[in-house]
Structures are given as C-alpha cells and as structure tokens.
Asks: 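If you scroll down you'll find the structure; I have some questions about it.
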Amino acid sequence: MRPEILFSLFQDASTLSGVGQRTASALEKRTGRRLLDMCWLLPQGLIDRGHRPPVGMLRPGDIATLKLQISGHSPPGRRPRPYVVHCFDKTGEIDLVFFHMKPRYLLEQLPKGETRFVSGRVDFYRNRAQMHHPAYIVKPEALPQLPLLEAVYPSALGVGPRVLRKAIVSALKQVPELPEWLDEDRLRSHRWLDWRGALLRAHAPQNLAELEPDAPARKRLAYDELLANQLALAVLRAHHRKRTGRALTGGAELKERTIKSLPWNLTSAQQRVLREIEADMESPYPMLRLLQGDVGSGKTIVAFLSMLGAVGAGAQAAFMAPTELLARQHYAALEPLCEHLGLQMDLLVGQGKSAGRSKVLASLESGDTRILVGTHALFQEQVKFADLAMIVIDEQHRFGVHQKLQLSEKAKVEVDTLVMTATPIPRTLTMTVYGYMEVSRLDESPPGRMPVVTGVLPFSRLEDLANRLREAIAGGARAFWVCPLITEVEDGEDGEPRRKKSAAVERHEWLRERFGDRVGLVHGRMKSQDKDSVMSAFARGDLDILVATTVIEVGIDVPEASVMVVEEAEMFGLAQLHQLRGRVGRGTVESSCMLLYRPPLSDMAVRRLRLMRETEDGFRIAEEDLRLRGAGELLGTRQSGLPEFRVAHPYSHASLLEEARVNAEEILKENPNLEGERGEALRVLLYLFERDEAVGYFRSG
Ligand code: ADP
Ligand code: MG
C-alpha cells in the first residue's frame with residue numbers, strides 16, 4: 001500500500017485552491033490531474049523580470065518591467081475598442097491595453113498621476129509602444145514581491161500559462177519532505193540536493209542553464225526516476241532467476257540436419273545468437289531472452305533452430321505470432337523444415353470448435369505435436385501441452401511488457417522464453433524497458449539484400465507518382481500503398497483549419513480509376529478471411545497494388561513487392577516507417593519507398609524524414625529518433641505498453657541510467673528485501689514513481 005507520506009502528492013489537482021474542474025480536466029490530458037503530475041511538469045523557459053529598460057529603448061517582443069507614471073485613461077465607451085491606459089517615463093510613452101476588463105478595477109490598479117511597476121510583453125502599434133494585459137502591476141513599495149525570474153511552463157491544452165503556473169506553485173506548496181533514499185556519497189559527489197529541494201529548485205531555475213537536462217536539480221530527479229525503474233526491473237530479474245528451469249540438451253543433431261538442408265549459410269550474427277540461446281537453454285535456469293533483429297535479419301530460422309533445442313530434449317515448443325496472418329506465414333515457412341526432420345508441427349489460430357481444432361488439441365495433449373504455431377489463442381485454458389518446455393513470442397512490438405510477463409507466469413512449468421522484436425530499440429531504452437531480460441542482437445542482414453531507394457515527396461506530386469508507378473508496374477513491379485486511416489475524416493477541432501486526411505478506402509477508389517481492378521484493399525476492420533484472401537492475391541501476383549492501412553506493417557512477406565508508398569509519412573513514427581519500408585527490398589530487384597507528406601512540415605518532421613532517406617540502419621534510426629524526440633513518443637509508448645518517463649530522458653541521461661543500473665544491483669545485493677530505514681525510503685521511491693507492482697516482490701517490511 002502507498003505510504004501515507006505520499007498521500008498529498010496523489011491528490012486531485014482540483015483540491016487546490018484556484019484550480020477548478022475545468023483546469024483539472026485540461027491537465028488530465030496534458031500531464032495527469034494529480035498534484036504529482038503537476039510537479040513533474042518542469043519549466044521550459046524563463047522570464048527575466050529584472051530586465052528594466054527605459055521606455056525609449058524598448059523593442060518589439062521585449063519582456064520588460066517598466067517603472068511608469070500614469071497620465072490618463074481612455075475608456076472605450078460604447079465603441080468596440082479596448083480600454084487604454086496612457087503612461088510614460090522620462091524617455092517615452094507607452095499604452096497599456098486591456099480587453100474585457102472592468103473600468104473600476106483598472107482605475108483602482110492604475111490611478112492617474114501615480115507610479116506603478118508594470119511587467120509584460122511589449123509590442124508596437126503605429127510606432128507607439130504598447131503592452132497588452134501586463135502580467136504584473138505593482139506599487140513601488142511592493143516591487144520586492146515581483147519575482148525576478150519566472151518559470152515558463154510548456155503550455156497545456158486549454159490551460160492558460162498564468163493559471164497553469166499558479167496551479168503548479170500551489171501544488172509545490174503541498175510537497176512533503178521525503179526520507180532520503182540515495183546514499184550520502186552519491187549526493188556529495190553529484191552535489192545533489194534532497195528530493196524536495198531538487199524539485200523546488202527545478203521549478204525555480206535561476207538561469208537558462210538550469211533548464212537543461214544536465215542541471216543538478218533535474219539530474220537528481222531523473223536519477224530518482226531511473227533508479228526506481230532499474231530497481232523494479234532488478235527485482236523482477238532476481239525473482240525470475242530464483243526459479244529453477246530445465247536443462248534442455250540433445251537438439252544438436254536436429255539442428256545440424258536443418259542447417260545442412262538450408263539453401264544458404266547462417267550469418268555470423270545468427271550463429272552467435274544461436275549460441276547465446278543454446279547456453280541459456282542448456283542451463284538449469286529458465287531462459288528469459290530478448291532477440292532484437294531488424295526486419296529481414298532472419299529471426300524466424302533462429303527461432304526455429306532454438307525450438308529444436310526443446311524438441312531434441314523430448315519436449316514441446318510453441319511459437320506465438322501477433323496476428324493470424326503471421327502465424328500462418330510462419331507455419332507455411334517452417335512446416336517443410338519439420339517435415340524434413342519427420343517432426344509434427346501444427347497450427348492453432350482463433351477460437352471456435354472445428355473438428356480440425358479438436359484434432360490439434362488432442363495431438364498437443366498426447367505429445368504428438370512437437371511444435372505448435374499460433375496466435376495468443378495458444379494461451380487459452382483449453383490448450384494443454386503434454387510437455388511444453390519453450391515458447392517463442394514474436395511480438396513485433398505489439399505486446400506490452402506486462403502482458404508478456406503474465407504469459408510466462410501462466411505457463412505453470414518453468415519454460416524457456418524467447419521474445420523476438422523487429423523494432424530496433426536503442427540500447428538505453430532496451431535497458432529501461434527490457435531490463436529484466438537478457439538481450440541478443442541480430443545486427444547483420446543476410447547477404448544479397450538490395451538497398452531501398454527512399455524518396456520524400458509533397459502531396460502535390462501525387463499524379464507524378466502515379467505515373468511513375470504505372471511505368472514500374474508495366475515493368476513487373478508490385479506495390480504497397482499505405483494510408484494512415486481507413487476512411488476519410490476531417491479534423492477541424494481546436495480551431496485548426498479543416499483538412500482531409502488520407503484514407504485507404506478513398507485512395508483505393510482513386511487508384512482503381514487509374515489502374516483498373518488489379519488494385520486491392522486491406523484494412524483492420526475487414527474479416528481476417530477477407531484480409532487473407534486479398535493479401536494472398538497480392539502475394540500470388542493477381543493484384544499489382546495493395547492499398548492498406550498499417551495492418552501490413554507486421555511482418556507480411558511478399559518478396560516480389562518492390563514499391564512502398566506511404567501517405568502522410570509525417571504522421572508516422574520513424575520506427576513504424578522503418579517497419580513499413582522493410583516490407584520491400586526483400587527480393588532480387590531494386591526497390592523504392594516513397595514518403596508522401598502534406599506541407600507545411602515542422603523542422604522536426606523535416607529532420608525525421610531526411611533521416612529516413614539517409615539510412616536504412618534501424619538501430620541508427622531508433623537512436624536518432626530518441627535523440628530528436630522524447631522517449632515517450634518514440635514508439636508511441638502509450639499503445640506499446642512501454643513505461644513513460646516523467647523527468648528522465650534515456651538519451652540525455654544515458655550515463656545516469658548506467659549508474660542507476662549498477663546502483664540497483666548493489667541495493668538488492670545488500671538489502672534484498674528493502675529493510676530498515678534506507679529500505680523504507682526506497683519503497684517510498686518506488687511508490688513515488690508508481691512502481692507499486694515491484695514493491696510486491698519484496699517481503700513486506
Ligand atoms: P525477420 O527477421 O524479419 O523475421 P525472416 O526470418 O523472415 O526475417 O527472414 C527474411 C528472409 O531472409 C527469409 O526469406 C529467410 O528465409 C531469409 N534468410 C534468413 N536467414 C538467411 C541467411 N543467413 N542467408 C540468406 N537468407 C536468409
Ligand atoms: Mg519475422
């Protein structure tokens with residue numbers, strides 16, 4: 001249970017004075033609506049209220065604090081005009097401009113003939129200096145109350161900057177002192193403040209350098225977050241290692257025979273990874289290993305050979321794919337290899353009670369089935385294995401981390417688990433996300449892959465593109481055409497101009513008008529049989545163009561496809577674009593990938609699309625993407641179940657991450673159940689960063 005000391009931080013923002021339901025719900029979308037969430041929203045800019053130029057020296061855009069004398073008021077009367085207060089100093093004149101303000105209030109605040117300090121942004125209208133709605137109006141004797149430096153927060157949808165700042169300031173007043181969870185040496189060597197001190201300081205930067213990720217206050221907060229993350233992972237890892245698994249030996253001969261029957265040699269990366277997996281499987285501990293390999297790096301054969309390790313030991317193995325289509329594809333690719341070895345392989349997808357299905361279930365329970373390929377249907381209650389010793393999960397970043405753990409918990413026996421992902425994840429992220437697993441990397445592609453030529457085009461070139469495509473198809477090419485949506489919607493909310501977004505259904509129509517009926521369509525709302533039959537038609541060559549939503553991102557293998565068009569490429573994550581591009585370039589002809597965008601592009605979008613054109617190295621793309629954007633956005637973390645960081649950034653704080661990892665191991669070694677004062681403090685840390693689940697692995701203190 002969450003310790004009492006943290007209760008105030010988990011209160012709803014609307015409990016703060018001056019924060020209403022409306023602000024709270026707006027905050028919910030931006031950061032979360034608890035006090036804690038507001039504390040993690042750190043300033044991104046700084047206003048210097050100490051900047052006090054004379055009026056005569058003002059430039060447009062200046063944020064200035066001015067000492068002014070008030071010469072008169074011009075109320076708008078009945079005219080639709082603002083209320084203007086005229087002011088001056090020795091060097092010039094300036095107008096303070098107000099809309100929708102009570103005249104009485106303004107007469108009280110700015111009485112004629114008196115002097116006031118006024119702070120805000122300056123602009124010019126007909127060569128005359130103006131200030132709209134000053135942020136501060138104070139009497140000369142109250143000047144010390146004016147903050148010299150003021151933090152600027154990233155704006156929140158529907159919450160004005162002043163309301164936001166006020167809310168955060170009052171949230172910070174509620175922040176308790178927490179027991180220190182870091183050791184003294186570390187605090188001293190980094191010159192770090194305590195947690196509360198660091199938080200308050202991070203919200204009250206004294207200069208621009210203190211807004212940077214390497215400012216001490218921010219580093220302390222980031223370190224806390226990374227430590228919580230690494231501690232949670234370390235305890236999972238330790239928990240897993242304590243369990244006993246099975247030593248699986250005896251697969252060597254089956255592997256040999258398979259390798260000999262392949263028309264190519266394994267790459268050295270494949271060989272290295274196989275040795276790593278083999279060592280795990282032959283050891284008496286349960287394997288928990290992540291295999292990272294870019295699209296086309298040859299993971300499937302690695303999975304197969306690994307499964308033979310279990311089969312050779314007399315046990316069964318299961319291969320789980322994220323979609324039915326992929327399960328079928330794996331089955332089709334691997335079944336002949338099993339046949340060659342005289343082993344029975346079966347396929348299990350979907351539910352229902354067909355005769356075929358009962359036969360598979362019976363065969364599985366009797367042990368005749370040696371390898372089962374399927375979707376998550378594999379983990380249904382009714383599916384009983386005679387002796388399951390290994391599972392391969394081909395996740396293609398479709399499964400969340402937690403779900404995966406549940407799966408290995410569910411398989412009551414201590415099975416060896418190999419998780420495969422085609423999303424190249426930067427090393428630092430791998431540590432924060434998959435830190436409880438061993439990691440193998442397939443960092444070499446099989447020889448003979450042709451590079452994919454990537455082009456970036458604005459929408460205005462759509463007709464050109466269609467013409468070029470016509471030539472390519474005449475030359476025998478087949479093309480994927482990806483749209484971000486199924487049907488057209490128009491957005492126009494939040495005052496944005498309305499615009500149409502590219503949709504698969506409409507593009508399919510458009511292409512059929514130009515190319516005739518050899519254009520197919522697949523999207524996520526179709527029945528899987530219909531999807532399969534369209535995709536098979538494309539694979540067979542009965543269709544030239546396959547219009548699709550991102551359903552095809554996941555592993556579909558059509559070596560003859562050599563053109564990939566992606567509409568509104570700027571809307572996709574780089575990892576996703578990389579996956580999509582990986583669908584072509586698998587055959588023997590030169591392939592191309594056309595990224596269509598709708599101008600105008602932001603700077604960030606320009607850089608990201610340029611990166612796609614520069615490299616095909618998935619790991620480099622992932623690293624750069626991480627550098628350019630926050631880790632949170634990298635993989636669309638919300639969908640993928642990866643943890644989101646509030647303060648830490650796995651790129652900027654990479655060295656802190658290393659330190660936290662070592663630190664977490666030390667802590668667990670010295671104090672495996674988090675006991676005593678320090679242990680209690682570390683539990684507070686875990687709750688503070690909402691790693692409640694991890695606390696469950698420690699004996700209650
Ligand atoms: P992915 O890692 O994307 O799952 P696959 O396992 O589907 O990649 O392999 C992509 C293609 O490369 C397949 O057609 C496979 O048969 C082939 N392949 C795998 N390993 C090698 C190799 N060592 N040499 C040549 N081709 C290979
Ligand atoms: Mg694959």
Side-chain angles (χ1 to χ4, degrees), residues 251 255 258-259 262-281 287-310 317 319-322 326 329-330 333-334 337 373 390-399 404 416-431 433-435 437-452 553-557 559 574-587 615-626 635 640:
K255 291 183 201 174
T258 305
I259 292 168
L262 295 173
W264 25 257
N265 296 320
L266 295 177
T267 63
S268 55
Q270 283 170 321
Q271 291 174 25
R272 184 192 69 236
V273 165
L274 278 166
R275 278 196 303 274
E276 290 165 359
I277 294 169
E278 209 162 70
D280 279 355
M281 291 180 68
M287 171 167 78
L288 193 52
R289 185 171 282 277
L290 176 72
L291 172 56
Q292 283 189 308
D294 212 337
V295 180
S297 59
K299 293 183 292 298
T300 318
I301 191 68
V302 171
F304 182 74
L305 292 168
S306 306
M307 288 192 288
L308 291 181
F319 191 173
M320 183 168 104
L326 275 175
Q329 199 172 286
H330 285 322
L334 299 179
L337 299 178
V373 178
M390 185 203 190
I391 50 178
V392 177
I393 302 176
D394 186 2
E395 69 154 14
Q396 313 269 7
H397 80 252
R398 282 289 155 119
F399 296 93
K404 226 154 37 209
D416 283 333
T417 307
L418 181 68
V419 178
M420 306 200 298
T421 166
T423 313
I425 305 176
R427 220 183 65 80
T428 51
L429 262 195
T430 307
M431 262 167 72
V433 177
Y434 294 98
M437 298 178 122
E438 311 298 327
V439 178
S440 292
R441 261 191 180 191
L442 269 183
D443 46 12
E444 177 189 347
S445 292
R449 290 202 58 149
M450 303 276 284
V452 179
E553 161 200 350
V554 184
I556 181 182
D557 200 5
L574 287 190
Q576 217 177 1
L577 287 179
H578 179 68
Q579 289 275 329
L580 288 171
R581 182 168 58 183
R583 299 298 115 216
V584 297
R586 314 191 124 209
T615 182
E616 274 192 77
D617 177 343
F619 284 104
R620 190 178 149 215
I621 289 173
E623 294 282 354
E624 291 281 314
D625 203 18
L626 178 62
L635 303 165
S640 62

Asks: Who are the salt bridge (Lys or Arg N to Asp or Glu O under 4.0 Å) partners of E278, not counting sequence neighbours?
Replies: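 Testing E278 for salt bridge (Lys or Arg N to Asp or Glu O under 4.0 Å), a comparison that skips the adjacent residues, returns K255.
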Asks: Check S306 against L418 and note the closest heavy-atom contact, atom names and distance.
Replies: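 That closest heavy-atom pairing would be OG-CD2, 4.3 Å.
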Asks: Within the structure provided, determine whether L290 and T421 are in side-chain contact (heavy-atom separation under 4.5 Å).
Replies: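 Side chain of L290 against side chain of T421, heavy atoms only: contact under 4.5 Å found.
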Asks: First locate atom CE of M320, then atom CE of M420, and finally report the distance between them rounded to the nearest 0.5 Å.
Replies: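 The CE atom of M320 sits 11.0 Å away from the CE atom of M420.
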Asks: To check you understand the geometry: which heavy-atom pair defines the closest contact between P426 and R441, and what is its length?
Replies: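 Looks like C-NH2, 4.2 Å.
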Asks: Quick one: does D280's side chain have a donor or acceptor within less than 3.5 Å of a partner on M287's backbone?
Replies: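 Flag not set: sc D280 to bb M287 has no pair under 3.5 Å.
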Asks: L577 and I621: side chain to side chain contact (heavy atoms under 4.5 Å, CB included), yes or no, with the steps?
Replies: CA-CA 10 Å; L577 287 179; I621 289 173; over 6 Å; no
Asks: If you compare all heavy atoms of P322 against all heavy atoms of L326, which two are closest, and at what distance to 0.1 Å?
Replies: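 Minimum heavy-atom contact is CG-CD1, 3.7 Å.
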Asks: Do the side chains of Q270 and L442 get nearer than 4.5 Å, heavy atoms only?
Replies: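 They are in side-chain contact.
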Asks: What distance separates T417 OG1 from M437 CE, expressed to the nearest 0.5 Å?
Replies: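 Answer rounded to 0.5 Å: 7.0 Å.
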Asks: Is there side-chain contact between Q271 and N265, with heavy atoms separated by less than 4.5 Å?
Replies: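 They are not in contact (no side-chain heavy atoms under 4.5 Å apart), so the answer is no.
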Asks: Specify the closest pair of heavy atoms between S440 and R289, including all atoms of both residues, with the distance to one decimal.
Replies: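 In this case the closest contact between S440 and R289 is OG-NH1, 2.8 Å.
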Asks: Can you measure from NZ (K299) to CD (Q292) and round to the nearest 0.5 angstrom?
Replies: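 Here the interatomic distance stands at 10.0 Å.
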Asks: If you measure from OG1 on T258 to CG on L305, what distance do you get to the nearest 0.5 Å?
Replies: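 So the gap between those two atoms works out to 6.0 Å.
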Asks: At what distance, to the nearest 0.5 angstrom, does CD1 of I277 lie from CZ of R272?
Replies: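 Here the rounded value is 10.5 Å.
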Asks: Under a 3.5 Å distance rule, please check whether E616 uses its side chain to pair with a backbone N or O of P451 as donor and acceptor.
Replies: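 Looks like no, no N/O pair under 3.5 Å.
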Asks: Heavy atoms, side chains only, cut-off 4.5 Å: are S445 and T267 in contact?
Replies: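 Result no, sub-4.5 Å side-chain heavy-atom pair not found.
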Asks: Looking only at heavy atoms, what is the nearest atom pair of R427 and E623, with distance?
Replies: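 Looks like N-OE2, 3.5 Å.
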Asks: Determine whether L337 and I301 make a side-chain contact, defined as any pair of heavy atoms from C-beta on separated by less than 4.5 Å.
Replies: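 They are in contact (side-chain heavy atoms under 4.5 Å apart), so the answer is yes.
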Asks: Hey, could you give me the CD/CG distance between Q579 and D294, rounded to the nearest 0.5 Å?
Replies: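 Result: 7.5 Å between the selected atoms.
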Asks: What pair of heavy atoms forms the shortest contact from A310 to M390, and how long is it?
Replies: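 Smallest heavy-atom distance, with atoms named: CB-CB, 3.9 Å.
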Asks: Does R620 have any side-chain contact (heavy atoms from CB on, under 4.5 Å) partners at least two apart in sequence or in another chain, and if so, which?
Replies: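 Partners of R620 under the side-chain contact (heavy atoms from CB on, under 4.5 Å) test: L611, E614, T615, D617, E624.
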Asks: Does any part of the side chain of L291, heavy atoms only, come nearer than 4.5 Å to the side chain of E276, both counted from C-beta?
Replies: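 Side chain of E276 against side chain of L291, heavy atoms only: no contact under 4.5 Å found.
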